[in-house]
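Encoded as structure tokens, the structure appears first; notes follow it.
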Amino acid sequence: MKTHYNIIIAGAGGIAEAAGLILAQWSQVTPTIYIGNRTLKNAKNVANWIMNGSTKPCKVVGFHLDPFEISDHAKTIFENGDALLDCLPGSLAPTMAKLANTNNLYYANLTEYVAETNQIIDLAKHAKTGFVLQTGLAPGYIDVLAHFMFQEFCELHEVDRVEKLELKVGAITNHAIAPHFYGFTWSPVGVATEYLKDCIVIRDNKKASRPALSERSRIIINGITYEDDLTSGGAADLPDALSGKVKHLDYKTLRHPGHYAWIENQLKGLKSTDNHISELQDIMLNNIPNVEDDQIIIYAAVEGKDAKGILRRQERANHIKPQQVGKHTLRAIQTTTAAPLVQAIQWLLETQPKGVILQSQLNAKSFLNGSFITPVYGSIK
């Protein structure tokens, strides 16, 4: 940030912590940060954690935030705010977006939920401020990277269409044990949701829907074998933006080999209820531990024929570990998710667009080389 702003962060979980600390530590001009959470104690604890963890002086205020019943104190904070970073569960995204719209706040969120994203697109069509949606890791960074690679490939090889665009991300542990070969490094409900909701893809040049976990395969990245499979939300708006330009596009989640077979067995045992997401989440929580030693694996590839008809493929891969920010060490899932969110807010505040901005509409190269992105992901040439 090059100017002082009042920035509100909704939520007091791991990503809210990371976003606040990154704002405090890496901004040229440190903003005043407000941490809102339904449990006031949690909000104040995160505020103190950020202030104690930054090597730069900063003001961070915890306050009570009930999305459905805004207190007078919270109302005053929103009325005097400049931007809202939504780190609450995806089901609350439309509620928070409406609150941002009412108070003319610039807004960015993380959710991979498709229906909720569509609701926000409708409500913010004529907003006086800008809304960047789905701007975390996946959806988010991976989509901007893939779009950049598509544009780069087309320019380099003098074409306007490609055969394949592949997006893959894994938030996984360094070690994995049978039978599940997994450890939770982020939201269990987010994992259950992406395993069960349908996925938007491109097949034969047209936008299409496929069931989650219906196209499992294996891939070797930097000499290590992973499984991948379709999961929901990660493709963001690319199936709309690139329909007719890409024959085959999808987003897949990377896992250690053996994990998806275990999940498949659990899905067979689900009861015929209306809440399979909650049921799968409970099964996973009873069997899979939470683990702190995380890593993020990122892979994107574009394949197609050049102007002379020669088949070509370009790939990029990244391996991100936990990172020191200020006085704290943040997990890899924290930095890789929070950095694009903060980058989006910086871009909104500095350029002041209006209405909804989706991942394909960002200036890919500029965003990927942003001052909050490069300390985590490195730069793109």
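Reckoned from all heavy atoms, side chains included, excluding hydrogens, waters and symmetry mates. Model, not experiment: these values are computed from the prediction.
- His73 places no side-chain N or O within 3.5 Å of a backbone atom of Phe63 that could act as its donor or acceptor partner.
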Test salt bridge (charged side-chain N to carboxylate O under 4.0 Å, His left out) on Glu194 and Arg255 and set out the steps.
-> CA-CA 13 Å; Glu194 72 173 6; Arg255 292 288 184 252; 3.4 Å; yes

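- To the nearest 0.5 Å, atom CD1 of residue Ile296 and atom NE2 of residue His319 are 9.0 Å apart.
- Both Ile288 and Val189 belong to a common hydrophobic cluster when Ile, Leu, Val, Met, Phe, Trp and Tyr are linked at side-chain heavy-atom distances under 4.5 angstrom.
- Gln119 and Glu116 are not linked by any side-chain donor-acceptor pair at a separation below 3.5 angstrom, with hydrogens and angles left out of the test.
- Here Asn37 pairs with nothing under the side-chain hydrogen bond (donor to acceptor under 3.5 Å, both in side chains) rule; sequence neighbours left out.
- In the displayed structure, Gln324 atom CD is contacted under 6.0 Å by more than 12 heavy atoms of other residues, nucleotides or ligands.
- Although no hydrogens or angles enter the test, the distance criterion places a donor-acceptor pair under 3.5 Å between the side chain of Gln25 and the main chain of Thr55.
- Looking at Tyr299 and Glu166, their side chains never bring a donor and an acceptor atom within 3.5 Å of each other.
- Contact annotation: the side chain of Ile77 never approaches that of Leu65 to less than 4.5 Å [non-hydrogen atoms, C-beta and beyond].
- Cys199 approaches Ser232 most closely through the heavy-atom pair SG-N, 3.5 Å.
- Residues Lys305 and Val159 fail the side-chain proximity criterion, which asks for heavy atoms closer than 4.5 Å.
- Looking only at atom types and distance, the side chain of His328 has no donor-acceptor partner in the side chain of Gln334 under 3.5 Å away.
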Could you please spell out the steps behind the salt bridge (charged side-chain N to carboxylate O under 4.0 Å, His left out) verdict for Arg216 and Glu264?
-> CA-CA 11 Å; Arg216 191 186 318 166; Glu264 185 177 12; 2.8 Å; yes

Anything under 3.5 Å between a donor and an acceptor, one on a side chain of residues 372-381, the other on a protein residue two or more places apart or in another chain? List them.
residue	atom	partner	partner atom	Å
Thr374	OG1	Gly370	O	3.2
Tyr377	OH	Thr336	O	2.5

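- No more than 12 heavy atoms of other residues, nucleotides or ligands shown are found within 6.0 angstrom of CG on Asn222.
- The main-chain N or O of Glu215 is found under 3.5 Å from a side-chain atom of Lys252 such that the two form a donor-acceptor pair.
- Contact of the Leu254 side chain with the Ile172 side chain is not registered, since no non-hydrogen atoms from C-beta on lie closer than 4.5 Å.
- By the 6.0 Å contact criterion, NZ on Lys321 is enclosed, its count of non-hydrogen atoms from other residues, nucleotides or ligands being greater than 12.
- Counting heavy atoms from C-beta outward, Val132 and Leu358 have side chains that stay 4.5 Å or more apart.
- Counting heavy atoms from C-beta on, the side chains of Gln352 and Tyr106 come closer than 4.5 Å.
- Although no hydrogens or angles enter the test, the distance criterion places no donor-acceptor pair under 3.5 Å between the side chain of Ser278 and the main chain of Asn275.
- A donor-acceptor pair is defined here as one N or O able to donate and one able to accept, closer than 3.5 Å; no such pair exists between the side chain of Gln343 and the backbone of Phe367.
- If you take CG on Asp240 and CD1 on Ile200, they are separated by 8.5 Å, rounding to the nearest 0.5 Å.
- Applying the side chain to side chain donor-acceptor pair (under 3.5 Å) rule to pairs touching residues 75-104 yields Asp86-Tyr107, sequence neighbours excluded.
- Thr129 is not listed as a side-chain neighbour of Leu348, based on a closest heavy-atom distance of 4.5 Å or more.
- By the rule that hydrophobic residues join a cluster once side-chain heavy atoms approach within less than 4.5 Å of another member, Val169 and Phe150 end up as members of one cluster.
- Each of Arg316, Lys365, Arg312 was evaluated against Glu152; a single residue qualifies, Arg316, per the salt bridge (charged side-chain N to carboxylate O under 4.0 Å, His left out) test.
- The two residues Leu238 and Ser360 make their nearest non-hydrogen contact at CD2-CB, 3.9 Å.
- Not one N or O on the side chain of Thr32 forms a donor-acceptor pair closer than 3.5 Å with the backbone of Asn6.
- Using a 4.5 Å heavy-atom threshold, the side chains of Asn45 and Lys41 count as touching.
- Contact of the Ile33 side chain with the Val61 side chain is not registered, since no non-hydrogen atoms from C-beta on lie closer than 4.5 Å.
- How far CD of Glu350 is from CD1 of Ile345: 11.5 Å, rounded to the nearest 0.5 Å.
- At most 12 heavy atoms of other shown residues, nucleotides or ligands fall within 6.0 angstrom of atom NZ in Lys206.
- Using modelled atom types and a 3.5 Å distance limit, the side chains of His64 and Asp66 yield no donor-acceptor pair.
- For the salt bridge (charged side-chain N to carboxylate O under 4.0 Å, His left out) with Glu303, the qualifying choice from Lys247, Arg313, Arg161 is Arg313, the only one to do so.
- In terms of the ring-ring contact (aromatic ring centres under 6.0 Å, His included) criterion, Tyr251 has no residue partners (sequence neighbours excluded).
- Closest heavy-atom contact between Val29 and Lys2: CG2-O, 3.3 Å.
- Counting all heavy atoms, side chain and backbone alike, Leu105 lies closest to Ala83 at CD2-N, 4.0 Å.
- Both Trp26 and Tyr5 sit in one connected hydrophobic cluster of ILVMFWY residues. Membership requires side-chain heavy atoms under 4.5 Å apart, directly or through other members.
- Listed by first and then second residue, the side chain to side chain donor-acceptor pair (under 3.5 Å) pairs that reach into residues 133-149 are Thr117-Gln134, sequence neighbours excluded.
- Atom-to-atom distance recorded for Gln28:CD and Thr3:OG1 is 9.0 Å, nearest 0.5 angstrom.
- Of the possible polar contacts, one joining the His256 side chain to the Thr173 backbone as a donor-acceptor pair under 3.5 Å is found.
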Residues Leu213, Thr231; criterion side-chain contact (heavy atoms from CB on, under 4.5 Å); working and verdict = CA-CA 6 Å; Leu213 307 186; Thr231 54; 4.1 Å; yes

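- At most 12 non-hydrogen atoms from other residues, nucleotides or ligands lie less than 6.0 angstrom from CD of Glu69.
- Considering only residues two or more places apart in sequence or on other chains, His259 meets the side-chain hydrogen bond (donor to acceptor under 3.5 Å, both in side chains) condition with Tyr195.
- Side-chain heavy atoms closer than 4.5 Å link hydrophobic residues (I, L, V, M, F, W, Y) into clusters, and following such links, even through other members, never connects Phe181 to Tyr226.
- Side-chain atoms of Lys197 do not come within 3.5 Å of backbone N or O of Gly233 as any donor-acceptor pair.
- Separation of atoms CD (Gln314) and CG (Leu165) is listed at 11.0 Å; rounding is to 0.5 Å.
- A donor-acceptor pair under 3.5 Å links the side-chain atoms of Gln359 to the main chain of Leu133, judged by distance alone.
- Residues Ala212 and Leu196 approach most closely at CB-N, 4.1 Å, considering heavy atoms.
- Shown here for Val201 and Leu249, the closest heavy-atom pair between the two residues is CB-O, 3.3 Å.
- Tested against Asp250 for a side chain to side chain donor-acceptor pair (under 3.5 Å), the candidates Arg203, Lys164, Arg210, Lys168 yield a single pass: Arg203.
- Checking side-chain atoms of Thr335 against main-chain N and O of Ala332 turns up a donor-acceptor pair under 3.5 Å.
- Separation of atoms CG (Asn265) and NE2 (His180) is listed at 13.5 Å; rounding is to 0.5 Å.
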